[in-house]
Protein chains: 2
Amino acid sequence: MWAKMEFFQEQAVTSSDKAFFRLRKEIVEGVIPSGSKLSETELSTKYQVSRAVVREAINRLEACNIVERRANVGARVVSLSPEGLAELYQVREALEGMAARLAALHMSAEEVADLNALLNSQSHEVKSAELYYQEAGDLDFHYRIILGSKNSHLISMLVNGLYHLVRMYRVQLGMAGPRVTSAFDEHKHIVQAISNRDPELAEMLMRRHITYSKNNIEAKLQNSL
Amino acid sequence: MWAKMEFFQEQAVTSSDKAFFRLRKEIVEGVIPSGSKLSETELSTKYQVSRAVVREAINRLEACNIVERRANVGARVVSLSPEGLAELYQVREALEGMAARLAALHMSAEEVADLNALLNSQSHEVKSAELYYQEAGDLDFHYRIILGSKNSHLISMLVNGLYHLVRMYRVQLGMAGPRVTSAFDEHKHIVQAISNRDPELAEMLMRRHITYSKNNIEAKLQNSL
DNA sequence: ATAAGTTAAATTGTCGACAATCTATTGGTT
DNA sequence: AACCAATAGATTGTCGACAATTTAACTTAT
């Protein structure tokens, strides 16, 4: 059912790709704690590759805003903060709102049908409390709309950039599954607007959905700090 | 008067920085034509630096979406197209709209005063038809609002990413100064909304302003193709 | 003559070593 | 004791060479 999640199944062809993916994974999942320094030599011995490939991986992570680098000093994993989270969600609201608007205009009839089918399958699981995949389901929903915008800049910024940071916050604040049913209803309304080819409403609903999501995760952040 | 334009006065500390800035400049200004291939060895001899430096510069340009790279094949300068322009302005509308909204909330009273002063000085030049710096003036206006948002992600995406692409379109389509007076009026209304601390209106006006700007540049693009 | 297979040239990817810069420790001075 | 200067150590930045892959040219067979 979640077979269509091969979205970010980005395949590593070069050695730097592998280092980049591995390093990103370890950072996002907190194996490498946020705020810690990234030593090029240390990582090169740990990953059994040259310093050049580690360096390239770190440069890419810098472009994703996952690490901060200072010339002649080094790179540090970004540190998580309430302000950083708020900024992140403000950008998400802007970009995903636009994505929903464009999706209402550009998604094919088949893609809209698939999106409805996805929601129906999720509806069953929500009712029967099979919430195992709820996080993956949420991701799947958002990814489809982002891709449905057919805007390569939008897609790249969100998929390659922001979403890994969002996941970093989610994972490291340990929020497995909040707000399942209410989020599901919001998803339903968004899809309805897209089905009706109503760009303005789709954008507005998506923005409200993300604002709610922000408030929810911010509340959790208050507790965990 | 335009002294505050040291915004993107990013200073190059490392050798890669210099190569990156130089290469970006040559691409944006069309010295290196869009669509052409970037040979690492060729550039390294041309710039008198190691291939590693050029490589790092190209990687950074890829992160800016100024060049496209394929593993084991090489990098090409992106090619300009009406679709690419439309996508660019859709993202600009989303991000700068949000920037205007946040600027209405977060700009200091002093910053707002400076912004008003900027408009007044420009008003004089518009009336007296001294339009020499009108492009720089437009940039200055937009930059201040972007920085006024106080959102580092937003700032980074626009200043380090999109704006160079926008400028690439502007320069290579040879549009020096369109739409001066009407754009100036739009700027005035946006600043008014920010002065009134009206986020919703500021966002809406900024989005319309960018949409108009898009339509204008798209019309020119029709002629030049 | 066209198409597929093979080989050669050129380009990118990776590596280890050297140079330049920063950080921390040490020693000296007020 | 606090502050500044100099030095030693460690880390990053840059380089040229080698390895792997792709592209092109050339050969050969149908």
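Order of the sequence lines sets the chain letters (A, B, ...), proteins ahead of strands, with each chain counted from 1.
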> Contacts to DNA chain C from residues 67-79 of chain B, heavy-atom cutoff under 4.0 Å, which residues?
Replying inline: Arg69(B), Ala71(B), Asn72(B), Val73(B), Gly74(B)

> Taking only residues at least two apart or on different chains, which pairs with a member in residues 156-168 of chain B satisfy salt bridge (charged side-chain N to carboxylate O under 4.0 Å, His left out)?
Replying inline: Glu29(B)-Arg167(B)

> Among all residues two or more places apart in sequence or in another chain, which pass the salt bridge (Lys or Arg N to Asp or Glu O under 4.0 Å) test with Arg60(A)?
Replying inline: Asp17(A)

>> Contact between Phe21(B) and Arg24(B) at the side-chain level, heavy atoms closer than 4.5 Å - yes or no?
In response: yes

> Does Arg69(B) have any salt bridge (Lys or Arg N to Asp or Glu O under 4.0 Å) partners at least two apart in sequence or in another chain, and if so, which?
Replying inline: Glu40(B)

> With Glu96(B), which residues qualify under side chain to side chain contact (heavy atoms under 4.5 Å, CB included), at least two apart?
Replying inline: Arg92(B), His142(B), Ile146(B), Leu158(B), Tyr163(B), Met206(B), Ile210(B)

>> For Glu56(B), give me all partners under side chain to side chain contact (heavy atoms under 4.5 Å, CB included), at least two apart in sequence or on another chain.
In response: Arg55(A), Asn59(A), Ser16(B)

> With sequence neighbours left out, what residues match Glu83(A) under side chain to side chain donor-acceptor pair (under 3.5 Å)?
Replying inline: Ser81(A)

> To the nearest 10 degrees, how far apart in direction are the end axes of the helix from dA1(C)-dT30(D) to dT30(C)-dA1(D), each fit to five base pairs?
Replying inline: 20°

> Which heavy-atom pair separates Ala103(B) from Arg197(B) by the least distance, and what is that distance?
Replying inline: O-NH1, 3.8 Å

> How would you list, by chain and number, every residue that makes a salt bridge (Lys or Arg N to Asp or Glu O under 4.0 Å) with Lys150(A), sequence neighbours excluded?
Replying inline: Glu111(A)

> Salt-bridged, Glu26(B) to Arg22(B), with N to O below 4.0 Å?
Replying inline: yes

> Going by number, which of residues 42-58 of chain A have a non-hydrogen atom under 4.0 Å from DNA chain D?
Replying inline: Arg51(A), Arg55(A)

> Has Lys37(A) got more than 12 heavy atoms of other residues, nucleotides or ligands less than 6.0 Å from its NZ?
Replying inline: yes

> Can you list the residues that meet the salt bridge (Lys or Arg N to Asp or Glu O under 4.0 Å) rule with Glu68(B), with sequence neighbours excluded?
Replying inline: none

>> Using a 4.0 Å cut-off to any heavy atom of chain A, which nucleotides of DNA chain D are the first and last in contact, reading 5' to 3'?
In response: dT11(D) to dT14(D)

